[in-house]
Number of protein chains: 2
Amino acid sequence: MPLDNYQEILSDPPAKGRMISNLSVDCCIFGFENNDLKVLLVQHASGRSQGQWALPGEFVLKDRNLKEMPHHVLQRLTGLENIFVEQLGTFGRLDRVDYGRIITIAYYALISPQKYNLKVGADALDVAWVNVAEATKLIYDHNEILDYAMIKLRDRIKTYPIGFELLPDKFTLTHIQKLYEAMLGHSLDTRNFRRKMLSSKLLQATSEVDDSVPYRAPKLYTFDKERYDEMLVEGYFFQL
Amino acid sequence: MPLDNYQEILSDPPAKGRMISNLSVDCCIFGFENNDLKVLLVQHASGRSQGQWALPGEFVLKDRNLKEMPHHVLQRLTGLENIFVEQLGTFGRLDRVDYGRIITIAYYALISPQKYNLKVGADALDVAWVNVAEATKLIYDHNEILDYAMIKLRDRIKTYPIGFELLPDKFTLTHIQKLYEAMLGHSLDTRNFRRKMLSSKLLQATSEVDDSVPYRAPKLYTFDKERYDEMLVEGYFFQL
DNA sequence: ATGAATATTGTCATTAAGACAATATTCATT
DNA sequence: AATGAATATTGTCTTAATGACAATATTCAT
C-alpha cells in the first residue's frame with residue numbers, strides 16, 4: 001500500500017476515508033538551543049523510506065480547515081498548542097514523492113525552549129531536534145522545503161521580529177544576538193546590534209539578571225508586544 | 001453536477017479524469033494602467049455562480065507540475081508566456097466554496113501594458129480588467145485571496161523592486177511613483193521619492209523623452225536588471 | 001505673451017549606520 | 001587578597017539616509 005509509506009505520524013493514524021489522499025501538510029518546526037537553530041524531524045519506522053528522516057506531516061483531513069492542520073501536527077507531535085505558525089507554500093512537483101501524486105502544503109512553526117522543555121519524543125515516535133545545518137538528506141523534497149523555509153525565515157526577520165517566538169520570555173541581549181546570527185548565518189557587531197535592538201524599543205529591561213552563568217551576570221529583557229504591534233503598522237527594517 | 005459550477009475557464013476544459021478534483025489554482029493577475037492597479041477577472045457564464053466575478057483559475061491537472069499551473073491559466077486567458085508569477089499561499093477553509101471540499105492554491109502574476117495591449121478577452125470569455133479597489137463581491141473566498149495578494153504585494157515592494165514588472169520597458173519617474181502610490185495606497189513626496197529611487201541606481205536614464213504629453217516631456221528610464229540582482233544579495237528596504 | 005500642466009531640483013535639521021576597542025563585572029583559582 | 005578567565009556593557013566619530021519642507025523649469029495650447 002503506497003500510502004503506508006508516508007505514514008509519518010504513527011500513533012493513531014486517521015482512517016483513510018477521512019483524509020484527502022493526494023494532499024499532505026508538512027511542517028518545519030524550529031527551535032533555538034545552545035546558539036543553534038534546530039528543526040524537529042521524524043524518522044520513518046517502516047516502509048520503503050524506513051530509517052530516513054523527514055519533516056513531520058500528515059494527510060489533510062476532509063473535515064478540517066486547512067489552517068488547523070499544522071496545529072494538529074504540532075499537537076500530536078509535541079502536545080503543544082498556541083504555537084506561532086505560518087504557511088510557507090505548496091510544493092507539487094510531479095516526482096516529488098516516489099509513489100503517486102502527492103501535493104504538500106508546507107508550514108513553519110517557531111517554538112520557544114520553555115515550551116519544549118517538556119521533552120518532545122517521550123512517546124514511541126522517533127523524533128529528534130536536529131541542527132538545521134545538519135538536516136541533510138531528508139526524504140522526498142523535504143530538503144527543498146527546509147531550504148525554502150530558511151530563506152523565508154531570513155527574509156522575515158528583516159521585517160518582523162518573529163525571532164522572539166524562539167526565545168524564552170526572559171532573555172539576554174547576547175541571547176538575541178546569537179539567534180539573529182544563527183538565522184542570518186553570519187556574525188554581527190555587538191555594539192551596533194545592541195544599539196539598533198534597543199533603539200527599536202522592542203525590549204523592556206527587567207530588574208533581573210541571569211545568575212546561572214559563571215561570570216558577569218547579564219541583564220534579562222522581555223519582549224514588548226505592544227510596541228511590536230505598532231511596528232507592524234509603521235514598517236520596520238532590521239538590516240544588519 | 002457540482003464541478004461544472006467551478007468551470008472558470010470555459011474553452012476547451014480538460015477532461016475530468018485529468019484533473020485532481022479537489023485542488024484548484026486561482027490567480028490574481030495584476031496590471032497597471034491609468035495610474036490604477038487592476039486585476040483580471042472572469043465572469044461565470046453558467047451554473048449557480050452565473051454572472052458573478054471571480055479570479056481566473058483551473059483545477060490542478062494530474063500530469064502537470066504545480067509550478068506550471070498558473071502559467072497554464074495565463075496562457076489560456078491571455079496567450080502570454082514568461083510572466084512573473086509567485087505563489088501566494090493555499091486556501092482551504094471547509095466552507096470556502098458552496099459545493100464539496102475544494103482547496104485552492106493562489107498565485108499572483110504581474111504583467112506590463114506592452115504585453116497586454118494585445119487585448120485580453122478578444123475571445124468568447126467574459127473577462128475584464130477591474131480596478132482592485134472596485135473588485136468587491138467576488139465569488140467564494142476570492143476577495144480574501146485578493147486582499148491577501150494586496151498585503152503580500154505591498155510587503156514585497158518594500159524589499160524587492162517587483163513593481164517594474166508592471167511597467168513598460170521605458171517609463172518616467174512619475175510613472176513609477178504613481179505605481180508605488182497605487183500599491184501602497186497613499187501618496188508620496190516627489191522629491192524624496194525621486195532621490196531614493198535614483199540613489200538606488202536601479203534606473204538608467206535614456207536619452208529619450210515621452211513626447212506624447214501636452215506639456216513638458218518627461219525623461220524615460222529603463223530598469224537595471226543587473227543592479228537589481230545585486231540588491232537581492234545586499235538586501236534592500238524601500239520605506240516611504 | 002499668458003496660462004496650464006507637469007517635470008525637475010535643493011536645503012537643512014535630524015536620525016541612522018558603519019567601523020572601530022576599551023572598560024566593567026563576576027566568578028573561580030591561587 | 002590578587003590574578004585570570006569569561007563575557008557584559010558602553011561610546012565616538014564619520015558618513016549616509018531620512019523627513020519635511022517649495023520654488024523654478026519646460027512644454028504645449030491659446
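Each chain gets a letter, A, B and so on, in the order the sequences are listed, and its residues count up from 1.
- In this structure, D:dC28 forms a base pair with C:dG3, meeting either the Watson-Crick or the G-U wobble geometry with both donor-acceptor distances under 3.5 Å.
- With hydrogens and angles ignored, the 3.5 Å screen pairs a side-chain donor or acceptor of B:Asn143 with a backbone N or O of B:Lys137.
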Can you give me the N/O atom pairs linking the protein to nucleotides 28-30 of chain D at distances under 3.5 Å, or say none if there are none?
| residue | atom | partner | partner atom | Å |
| --- | --- | --- | --- | --- |
| D:dC28 | O4' | B:Pro214 | O | 3.4 |

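- Among the protein residues, A:Thr172 comes within range of no part of the nucleic acid, since none of its heavy atoms lies under 4.0 Å from any strand.
- Between B:His175 atom NE2 and C:dA7 atom P there is a gap of 11 Å when expressed in whole angstrom units.
- Taking atom CD of residue B:Gln177 and atom P of nucleotide C:dT9, one finds them 14 Å apart after rounding to whole Å.
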Are there any protein N/O atoms within less than 3.5 Å of an N/O atom in nucleotides 15-18 of chain D, and if so, which ones and at what distance?
| residue | atom | partner | partner atom | Å |
| --- | --- | --- | --- | --- |
| D:dT18 | OP1 | B:Lys196 | NZ | 2.5 |

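- Computed from coordinates, the A:Leu220 CG to D:dT7 P distance equals 17 Å when rounded to whole Å.
- Looking only at distances, no side-chain donor or acceptor of B:His142 sits under 3.5 Å from a matching main-chain atom of B:Ala54.
- Judged by distance alone with a 3.5 Å cut-off, a donor-acceptor contact links the side chain of B:Asn192 to the base of D:dA20.
- Atom CG in A:Asp189 sits about 15 Å away from atom P in D:dG11, given to the nearest Å.
- At a cut-off of 3.5 Å, with distance as the only test, a side-chain donor of A:Asp26 or A:Thr104 sits close to an acceptor on the other residue.
- Counting only distance, with no hydrogens or angles, the side chain of A:Gln52 and the backbone of A:His44 share no donor-acceptor pair below 3.5 Å.
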- Please step through salt bridge (Lys or Arg N to Asp or Glu O under 4.0 Å) for the pair B:Lys201 and B:Glu230, ending with a clear verdict. CA-CA 11 Å; B:Lys201 291 175 184 165; B:Glu230 276 173 42; over 6 Å; no
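- Residue order along DNA chain C, read from the 5' end via each residue's closest nucleotide, puts A:Thr190 first among A:Ala217 and A:Thr190.
- For residues 141-154 of chain A, the pairs satisfying salt bridge (Lys or Arg N to Asp or Glu O under 4.0 Å) are A:Arg93-A:Glu144, A:Arg96-A:Asp141, with sequence neighbours left out.
- Going from atom CZ of A:Arg191 over to atom P of C:dA24 covers 16 Å, rounded to whole Å.
- Aromatic ring orientation, B:His175 versus B:Phe32: tilted (interplanar angle from 30° to 60°).
- In this structure, A:Arg194 contributes its side chain and A:Gln177 its backbone to no donor-acceptor pair below 3.5 Å.
- D:dA20 atom C1' lies 14 Å from atom CG of B:Leu188, rounded to whole Å.
- To the nearest angstrom, C1' of D:dA20 lies 18 Å from CZ of B:Phe193.
- A:Gln87 places no side-chain N or O within 3.5 Å of a backbone atom of A:Ile105 that could act as its donor or acceptor partner.
- Rounded to a whole Å, the CG atom of B:Asp210 is 15 Å from the C1' atom of C:dT8.
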